[in-house]
Amino acid sequence: MTQMNRTLRGTARFLLLPFLAIIAASGCGESSSPGATGEVDNTGGADPGTGGGATGSTTAGSGGGATGSTTAGTGGGATGSTTAGTGGGATVGTGSDSSGAGTGGAPNSRPTFHVFMLMGQSNMAGVADKQASDQNSDQRLKVLGGCNQPAGQWNVANPPLNDCPGEKGWNLSTAVDPGIWFGKTLLGKLPEGDTIGLVGTAESGESINTFISGGSHHQMILNKIAKAKTAENARFAGIIFHQGESDSGQSSWPGKVVQLYNEVKEAWGVDYDVPFILGELPAGGCCSGHNSLVHQAADMLPDGYWVSQDGTKVMDQYHFDHASVVLMGTRYGEKMIEALKW
């Protein structure tokens, strides 16, 4: 009886083999030409049929995985994709636009660290005295170094965010800067699980010439970028810029803003454009005539914007008062949210 059972089981396996071979042949994606990467009309090629995987394709069939694709079919996993189909998981690398996964898919397990550069002179470094309302305890808002905090590491962001006294020695340790209110505004729209990193490079009383290549503060900017790039899953996300008092009315200034943008982008080593948001100079101060050049620079940038100083006040001929710092920082944040489509 035992021998008979063995024989019957062996016979069943033998009979199943041709049937399985037929099924396998029907799902292999065969065609009159090989299913090579980038080819079309080949089941299993760049436009795969059921079960077909495609390297570098834009779509994948049911069950197919698409490496480098923009979408994956039902059940398909998309490595490097921006979206994944039903049941598909989307693994997104640094610099991608989305970390979402399709229904049933695994979300990105590495939250994005969105890094923003804070650049300019004294109105970005801050002059008005900080108040209790300016403080931050949210761990999702970090600053690289910052005033009176350990240099070269990510600390909880609190004003002032730029180095004090700075390379020139003029940045104040008692001030509030628009960067903190920029960051606080972003927190309201920050994708769940992600973090914001702020990199302050503002220097009071400085011409834009000191920030571009050959300038006295250019290397400081490069050093901070190099450090910021080492953060886990860091993504260079944008720049806010308030400068021009030291270059008021100079027709070459907009072109130098573009040069600064290009040099910062090169230092980050990215091939995508980021929002660059300029702030108008205060109307009640020395240099509001420069604002036409602020608008011109924004128009010359690939992803440029400017925010208005309307409703602000100055505490002297150059600098925003406290309420105006808060207003400008909030406007920077709102414009960045708009630009990033958060």
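Numbering starts at 1 and runs along the sequence shown.
Linking ILVMFWY residues whenever their side-chain heavy atoms come closer than 4.5 Å, directly or via other members, leaves Leu327 and Tyr332 in distinct clusters. Residue Leu161 is not grouped with residue Val127 when hydrophobic side chains (ILVMFWY) are merged at heavy-atom distances under 4.5 angstrom, including chains of intermediate members. No chain of hydrophobic side-chain contacts below 4.5 Å, direct or via other Ile, Leu, Val, Met, Phe, Trp or Tyr residues, connects Val325 to Leu278.
Judged by a 6.0 Å distance limit and a 45° cone about the ring axis, Lys256 is not positioned over the six-membered ring of Trp253. Remark: Lys168 qualifies as a cation-pi partner of Trp170 under the 6.0 Å distance and 45° angle criteria applied to the six-membered ring.
Between Phe116 and Leu186 the shortest side-chain heavy-atom distance falls below 4.5 Å. In this structure, the side chains of Trp181 and Pro159 stay at 4.5 Å or more apart for every pair of heavy atoms. Under the 4.5 Å side-chain criterion, counting only non-hydrogen atoms from C-beta, Ser133 is in contact with His322. At least one side-chain heavy atom of Leu190 sits less than 4.5 Å from a side-chain heavy atom of Trp342. Proximity of Asn291 to Ser288: side-chain heavy atoms (C-beta onward) are separated by under 4.5 Å at one or more points. Proximity of Arg110 to Glu232: side-chain heavy atoms (C-beta onward) are separated by under 4.5 Å at one or more points. Inter-residue side-chain proximity for Leu144 and Lys227 is flagged as met; some heavy-atom pair is nearer than 4.5 Å. Proximity of Tyr305 to Phe276: side-chain heavy atoms (C-beta onward) are nowhere separated by under 4.5 Å.
Rounding to the nearest 0.5 Å places OG of Ser292 at 10.0 Å from CD of Glu280. Taking NE2 of His319 as the reference point, atom CG of Asn123 lies at 5.5 Å (rounded to 0.5 Å). Separating the CG atom in Asn223 from the CD1 atom in Ile225 is a distance of 9.5 Å, to the nearest 0.5 Å. Taking CE of Met119 as the start and CD of Glu206 as the end, the distance is 12.5 Å to the nearest 0.5 Å. Taken to the nearest 0.5 Å, the CZ atom of Phe211 stands 7.0 Å off from the CD atom of Gln121. Expressed to the nearest 0.5 Å, how far CG of Leu260 lies from CD1 of Ile239 amounts to 6.5 Å.
The backbone N or O of Ala283 sits less than 3.5 Å from a side-chain atom of Gln309, completing a donor-acceptor pair. The backbone N or O of Val314 lies less than 3.5 Å from no partner atom in the side chain of Asp321, so there is not a single donor-acceptor pair. Judged by distance alone, with hydrogens and angles left aside, the side-chain atoms of Ser248 form no donor-acceptor pair with the main-chain N or O of Gly244 at under 3.5 Å. For the pair Asp299 (side chain) and Gln296 (backbone), a donor-acceptor distance under 3.5 Å is absent. Remark: side-chain polar atoms of Ser308 are paired, donor with acceptor, to backbone N or O of Asp310 under 3.5 angstrom.
A salt bridge does not link Asp194 with Lys189: none of the charged nitrogens is closer than 4.0 Å to a carboxylate oxygen. Using a 4.0 Å cut-off between charged side-chain N and carboxylate O, Arg331 and Glu334 make no salt bridge. Of the charged side-chain nitrogens involved, at least one lies within less than 4.0 Å of a carboxylate oxygen, so that Asp273 and Lys265 count as a salt-bridged pair.
In this structure, Leu340 and Ala237 approach most closely via the heavy-atom pair CD2-O, 3.7 Å. The two residues Phe236 and Gly238 make their nearest non-hydrogen contact at CE1-O, 3.7 Å. The minimum heavy-atom distance linking Asn136 with Leu187 is given by the pair OD1-CD1, 4.5 Å.
Around the CD atom of Glu266, the shell of radius 6.0 Å holds no more than 12 heavy atoms that belong to other residues, nucleotides or ligands.
A distance of 6.0 Å or more separates the ring centres of Trp306 and His242. Separation of the Phe113 and Trp154 ring centroids falls under the 6.0 Å cut-off.
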